[in-house]
Structures are given as C-alpha cells and as structure tokens.
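Quick notes on the structure that follows.
Residue numbers count from 1 along this sequence.
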Amino acid sequence: MQLKAFEVREITDYIKKMMDNDIILRNVRVKGEISNLKYHSTGIYFTLKDEIASLKCVMFNEYGKLLNFTLQDGMSVIVTGRISVYERNGTYQLYAQSIQSDGIGALYFAFNKLKEKLQKEGLFDSDKKKPIPKHPKKIAVVTSPTGAVIRDIITISRRRNPTVDILVVPVLVQGSSAADEICNALRILNKREDIDVVILARGGGSLEEIWPFNEEKVARCIYASRIPIVSAVGHETDFTISDFVADLRAPTPSAAAEIIVPEIKVYQRELFLLKTKLLTLMTAELNRKKKEFEGLKRALYLNSPIKKSEILRHKVENLTASLYNEMLAIYQHKRNDFLILAEKLNSLSPLKVLTRGYTIVLDKQEKVVSSVRETKPYDEIKILFKDGKAKAIVQEVKENE
C-alpha cells in the first residue's frame, strides 16, 4: 500500500497545529544565553543557546516595548512565550512575550574578567599606544580571504589612494583555531620591515563568533606588536578585547580603511602647498642672490681700472671746464679793463679834439708843431682835420706880443 504524498504546506501546517495545541509549548519558559542579537523594525531577533543546543527567538514590537532593560549578546535570560512553526522556512522558533534577566552569561563573564585583568596590567594604557602613520605605503590586512570585509577594505583603499599596497594575510576569524592563526600572522608580519600598519578585521557576528578576538593570547600578541595595529572587528556597537589593546579601534572594517588610507587629494594638496612654499623660497633666494650679485658687480665696477679711468676722465673734464671758465672770466675782466682804458685814452687823444673843430699842425717830419717858433716862412706843413689832412706853405710867422 502506497502512502499518500502530502504537500509541504500540509505537513508544515500539521506540525504547526500540533505545536500550537501542545499545552507545554503554548506557554513555556526557556533559560539560555543570548547570541546573534539583532534589532529590526518589526521586532527583536536573537538565539537562545546553552552548551549543547540553540533556539531561534523573536519578540515583536508589541512585547518588545515593554522591556525595561537593553538586551545584549552574552546575557543570560529567561524567555516566556510560545513555540510555533514559521511556515515560510519550516523552522520552529520561540515567540517571546516577556524576558527577564538571569545574570551575565558565561562568555560575557569571561570577557569582563579578562578585560579587568589586562586593564590592571596596563595593556589598555593610552600612553603605550603606537601612533598610526599618516602616509602608509603598505598595509597588511589580517582577516578572512573571502567575504565582504576584505572586498570593502580593498575597494575603499583603492578609491582613496591606489598607490597604497595592500597585503592580505588570510586567517580564520572564528572557531577554535582562529586565535592561533591570528597570533601566528602577527608574529610573521612583525618580522618584516615593509609593513607600516596592520588592520585586524572581521565582520559582525554573535559573541561566540567573534570570540577569538577576545582571547588573551590574541590580546598579548597585539600588545607585543612592533607594528601599529588597528582593530576593526564587528559592527560599531561591538567591542572586543582586541579593540582595547590595539593602537586604534575602528567602528567597522570599512571605517578602518577610511581612517588609515588618506585620500590622494590630500597628497595633491600637500604637494601643491610644498610646491608653492618651494617657489616662494626659491624666489626669495633668487632675489637675495640677485641683490648680492648687483652689490658685487657695483663693487667690482667701482674698483675696476675702467671706473678709475672714467673717474679721472670726469675729473680732467671738470678741471678743463673750470680752467676754461676761469680763463673766460679773466679774459672778460681784462677786456673790460681794456675797454675802460681805451675809453680813457680815447678821451685824452689829440684826435678827439679834431671832432670839436680844432686842427693839428705837423712839420715835414710829421711831428706836432706846438709853437709858432717852430716854423718859419716857406716851411711846408700838414694840417690835420677830423675828416682828412691838407698841405700848406707858411707865408708869415708872427708871435703874440
């Protein structure tokens, strides 16, 4: 006899009705530790787990708004509600109606205990943090080689500055052997001389999934690292021991790339400023050297034979001009004296008398006859007038009585 074939929805509906009608499952209290906690617009989604099993849970907003405390991964709670089937994926889950705290879970307790221990030892001290280089040339990324984390870091780094080298160091980021792989990767990197900074990264997850980053061995490897380490584990609200020990904590892996890799525009801007500064210094130095050169040139010219010759030439020209002026002044002075004497002489000249109607008598030797006694009858004489002369014969000589 062949069994009837049921449709999937029929079987799922049958199981759901069985659970809904079960007196225990309709109102049940379950104790466990919260993990994979996620808040959505419709409600709160999480998993209750213990050492052996796990149970998916959801608390819709009508009950979630009645909570008087904030849920956290690792928290131990007692959830009251009903267990039923979610038809779409055929899984059963606890539909929570109330949640009460039952103390801190084992992992959360271990986290706080280790945190307190390392803090007392000084592994979190800010004065022991190594500075993150402003212009890294090579970045090592310790993470899983697959997944969104490494893709995001590479994409953002290439966009911001394609000249930065990225070395991907593949490790497990969850599981029992993850902590050892992370420590081994950090030790290998610290033997290299070309790594400027290390990003220790993984995506978000439950407390147990990100637990390798809360292990003491990883914390001590980070603290012992010679190379600065940036911790970028989980979401912005997730905190791990690695975050506290690392030299810098980034909220997310993508944020780590944004923080560490400067945009190439920063280099371009700095290059422009340096170029401007260099040009200013070169111009100032060139002007200083130019002034120095002009001074040397002037000093050389002043001490050169050409300049000395030019100075002597100007001196000779000045002396020549001065001598000429002195001679001209003497000439003018003597000329004026001459003219004055000539005027005086002219005023005393016998010829001047002729202009007033007088005449002058000369003898045969052209000597002036000044007395009648110097003549006798029949002597030949010359008579000078103002406009000429005449010859005459003395007819008679008679002295005044």
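Residues N184 and D180 have side chains not in contact (no heavy-atom distance under 4.5 Å, counting atoms from C-beta outward). Two residues are said to be in side-chain contact when any heavy atoms from C-beta on lie closer than 4.5 Å; P170 and S144 fail this criterion. Looking at M19 and V85, their side chains come closer than 4.5 Å, going by heavy atoms from C-beta outward. In this structure the side chain of M18 reaches within 4.5 angstrom of the side chain of Y14, judged on heavy atoms. Within the 4.5 Å cutoff, the side chain of I44 has no heavy atoms near those of the V58 side chain. In this structure the side chain of I381 never reaches within 4.5 angstrom of the side chain of K391, judged on heavy atoms. Here the side chains of D73 and E33 are not in contact, with every heavy-atom distance at 4.5 Å or above.
Seen from the ring of F239, R249 counts as a face-on cation partner, given the 6.0 Å and 45° thresholds.
Between R159 and E258 the shortest heavy-atom distance is NH2-OE2, 3.0 Å. Heavy atoms only, all atoms of each residue included: K382 and K389 are closest at NZ-NZ, 4.5 Å. Of all the heavy atoms in A201 and F213, the pair that sits closest is O-CZ, 4.3 Å. The shortest heavy-atom contact between L189 and V169 is CD2-CG2, 3.9 Å. Closest heavy-atom contact between I199 and A256: CG2-CB, 4.1 Å. Looking at every heavy atom in both residues, N190 comes nearest to I227 through OD1-N, 3.3 Å.
L281 contributes atom CG, which lies 12.5 Å from atom CG of L286 (distance to the nearest 0.5 angstrom).
When each of K16, R9, K17 is tested with D13 by the rule salt bridge (Lys or Arg N to Asp or Glu O under 4.0 Å), just one qualifies, namely K17.
By the 4.0 Å N-to-carboxylate-O rule, R220 lies close enough to E121 to be salt-bridged with it.
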